[in-house]
Amino acid sequence: MVSNHFKIAWRNLVRNKSFSLINIGGLSVGIAASLLLYMVVSYELSYNQFFPNKENIYQIVTKSVDEGGEDYTPGVPLPALEAFRLGVPEVKIAPLIGNGGCQISLPDENGTIHPDKKFMQDIYFTDAELFNVLQFKWLSGSPEILNEPNTIVLTKKEAEKHFSSWQNALNKTIHINNQVTANIGGVLEDIPLNSDFPLYYLISYATYKNNPKIFGYTDQWGSNSSDNHLYMSIPVGTSVADIAQKLNAVSTPRYNEIDQQEKREHLLLPLKEMHYEERYGTFGDYTISKNTLMMLSLIGVFILVMACINFINLSTAQAVNRSKEIGIRKVLGSHRFNIFWQLLSETSLIVLCSIIIALLLVKPVLPHIETLVGITEKLPLFTINNIVYLLLTGVIVSFIAGSYPAFVIAGFKPVSALKGKQKAAGKAGMRRGLVVLQFVISQVLIIGTLIAVLQMNMIKKSDLGFNKEAILVVYTKADSAVLSRQPAYKHELEKIPGVQSISFNSDVPSSQSNSSTNFAFDHKPDEKFSLYYKSADENYFSTFQIDFVAGRAYNANDSAKAVVVNETLVKMLGLNSAEEVIGKNIRMGGSRWLTITGVVKDFTTNTLKENIKPLLLGPVKRSYRNAALKISSNNLPATKNAVIAEWNKIFPEYVANDYWLDERITRFYQQEDQLTLLYKIFSGIAIFLSCLGLYGLISFTTVQKRKEVGIRKVLGASVGSILYLFSKEITLLIIVALAISIPVAWWISKEWLTIFATKITISWTIFLVAAIASIGIAWLTISIRSLKAATSNPVKSLRDE
Amino acid sequence: MIQLEKIFKWVNSGANRVFLLQDINLEIEKGEFVSIMGPSGSGKSTLLNVIGMLDGFDEGKYTFQGEPVHQLKEKQKSALYKKHIGFVFQAYHLIDELTVYENIETPLLYQDLKSSERKARVADILDRFNIVGKKDLFPAQLSGGQQQLVGIARALVAQPQLILADEPTGNLNSKQGEEIMELFKQLNKEGVTIIQVTHSEKNATYGSKVIELLDGRIVNRH
């Protein structure tokens, strides 16, 4: 019986080629899209899942509250490690101190460093306890090594990359920042890519503590950095809240001693939430919110639903053609039940074909999607999870898509079915509802994507308040050797014809890093908000074309006490005009009083996701790690090569790191950009599917209205009036759908836009465009099918009656 | 075998009640060959459908082999006709997507026969109707007469006691028609009860009994 069903199903597929094509095409695109999204979402959900004790791992994070509001950081002050270990001995606490962009040099046997054996690398300081918390596996060596000073541990891949085999790497020497030498004491197994721990270079914590000048160790409770992480493993059965309370009992008195304006509290972030908690950020490339994952999953489900709706509409439309067969089967003794299962097995055959085609579609597309969402790993297609997903999807889709048409068709009355009196199957209301649902989904996706695209365009084009074009930044660590040679470097750079302007500074105007401090203004007590600062020489303002609203930039003749502030600071101090601060004094932390010489027009201090910070710019030479060069735009690559060549002459032992500022700024929004592109692709798929669905519905209506169209034509109706007959209802359905989708899309977009400090206003034109697009696409689809009906010979359709 | 008592069937059209069958009283014995005749719209096909349990009726009693059909549920009726009745149609009503062999096999699938048993029965019938060579052809590849032959073979494969034929020769030319009627006659001799609806006086002569209908009433029987 079943084989018989499949046989007939197959012949039906072959016989009704266009229907089969639409059905299988729609379903396979839908299944492929949902499989891709499933793979992406489940990859993101697999982050950090490989730790055997993952349920017991927590990160100690910091919440601080002051007048300016709440602030969350993954960092914990460095002396807290020791204090917590003493005060809460029942838990294991390990430090993990990130030190972004250290220079690693690998000398050969004679101690010489070849140019390709020096590079920039993020390194991490930790001790043996780490391996009791985050249980990475060792190929050689043991955790105790990391309790010794000047030892380093690499992962297998890094060891193999630089020393032909990982065994060769053992006991070799590494220079860090040209100042510290460490011995490779062990090799770790490679850390899975789906982790937030890219710990390729682990250096002993003792090395960190012994070199405070180089790596910045401090035992001040008042100082904190988002790179100072503490991880903890809690014994099974211990209350997390209790532990948090004990930790805070240790730290709170210390914070009170400093008597800062802000209240600091330590929270425990479970490992399983780390990858999705955007307030903190990890050492990994990115975090992704559960909302985003939910959105992607929903899009996947919606696309599948749309594919199912298409199938239902097409099947019920096509059912008329099958009424004879169903009638005969019933007369021959088939029960309703038999026919239901026969039709369902036909659906499952179609779904099976679609799954196979979906796999063929996914295979070439997968690498692009991986690149798009920033997955560095090659995701395997044929995993148990994916196969189970496809099978489950297959069964569910078969049931959802197949059961309604099967139910309706199986209910045909045999006599009328045989007499050909069976008109279209199913209730029109049901079908209209499904079509409205489909339009709602596609319209929400269209509107949402439109808003995302507009927002991203605005971000890219928005005026940051400075000129980011053709600025090359060359940077390194600001150590004494580098600083002493900076004037010589500047001298050489000035000779390069393409270099228009040179500024040494600690940070470009717009960046993702922040330095802040408490401060006092005009000899008053400390203000209740923090002051952010960047160090910059006097050429900073001309190089980045930053305008002044009052006063002037400091210059070479000013003392080092001359500083510049921004408009936001003036506003936050409650002053009416920028002129008022000129000549006034300002003090950062507890240091000496400085004098304000000018106020710059506000520029974007961080990304456009954040508000502009109250900022101070001052010429603090010791933190000049960047050389920012304004290059004349006519020969950028050649000028860049010349700049790098000079670098290598003057700083031979330092890697020349460089980036173009405009490219770096674009990268701030990489994740949003990628997601926008992803939304674009999937709303394209949704539009495609809704067109298919419409085509199905119109096929259905043309069958239903065959006689009506015939009679109207005999009575002299024009082709145009018949096209109107078909599009009237659909247009109405689209309008109903718009009434639902516009508020939904508006709400979703508004939520999404909250991540940006600078955002577009959602204007009604967006909805108008979406409405016109929706109706236009629909009419186009309708006319393809209904034109055939409108131009057909009426004699033919009437003769059948 | 079949007893119809005071069968009424009607449809309501607005305030009017239009009778399709009125006061039908009919008894058909096992082994009879009955022809139902009458002009278009007289209710011949409706009566045949009622007898075949494909269509219901509004009033009256219908007993099929002692079973009170008017008291049976849809499912029981379906089981009853599946077992005892074979249908032959004017338009053959073969399933276009199935081969000759598969068309004939279909009723057996619904009777849950074993595969070997099905094969044997279909082979028998193919043999008997001399259409073994055509078993892998699709209906569209056959002439009208051949299609009707397959239709009859399909009706017979489940070994019914009753064959209901609705104008079996209506779409055939006279030679093909004669052959089909001869076949019916032969089957009747072998003990199969046959009820046919026909327009043709000539076809009616093959039968043992003629019932004439007009406006849903039996006006003559001979």
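Treat the numbers as computed from the prediction; the structure is a model and nothing was measured. Order of the sequence lines fixes the chain letters, A, B, ..., with proteins taken first and strands second; residue numbering starts at 1 for each chain.
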**Q** Nearest heavy-atom pair of Glu325(A) and Ile95(B): which atoms, and what distance?
**A** CG-CG2, 3.6 Å

**Q** Specify the closest pair of heavy atoms between Tyr81(B) and Val331(A), including all atoms of both residues, with the distance to one decimal.
**A**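 Smallest interatomic distance, heavy atoms only, reads CE1-O, 3.3 Å.
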
**Q** Is it the backbone or the side chain of Leu94(B) that comes under 4.5 Å from a heavy atom of chain A, or both, or neither?
**A** backbone

**Q** Leu20(B): which residues meet the side-chain contact (heavy atoms from CB on, under 4.5 Å) condition with it, sequence neighbours left out?
**A** Lys9(B), Val11(B), Thr46(B)

**Q** Among Met53(B), Lys83(B), Gln111(B), Arg154(B), which residue forms the greatest number of heavy-atom pairs with chain A at distances under 4.5 Å?
**A** Arg154(B)

**Q** Show your working on side chain to side chain contact (heavy atoms under 4.5 Å, CB included) between Lys330(A) and Leu54(B) and close with a plain yes or no.
**A** CA-CA 9 Å; Lys330(A) 286 202 148 187; Leu54(B) 298 178; over 6 Å; no

**Q** Please check if the number of heavy atoms outside Trp10(B) that lie under 6.0 Å from its CH2 is greater than 12.
**A** yes

**Q** Of the backbone (N, CA, C, O) and the side chain (C-beta and beyond), which part of Phe138(B) lies under 4.5 Å from a heavy atom of chain A, both, or neither?
**A** side chain

**Q** Would you say that more than 12 heavy atoms from the other residues, nucleotides or ligands in this model lie under 6.0 Å from the CZ of Phe129(B), or not?
**A** yes

**Q** For Arg329(A), which atoms come within 4.5 Å of any heavy atom of chain B: side chain, backbone, both, or neither?
**A**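 For Arg329(A), the contact with chain B is made by backbone and side chain together.
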
**Q** Just to verify, what does Asn173(B) make a side-chain hydrogen bond (donor to acceptor under 3.5 Å, both in side chains) with, not counting sequence neighbours?
**A**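 None.
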
**Q** Working to the nearest 0.5 angstrom, can you tell me the gap between Leu109(B) CG and Gln342(A) CD?
**A** 10.0 Å

**Q** For Glu105(B), is it the side chain, the backbone, both, or neither that has a heavy atom closer than 4.5 Å to a heavy atom of chain A?
**A**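 The answer is the side chain of Glu105(B).
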
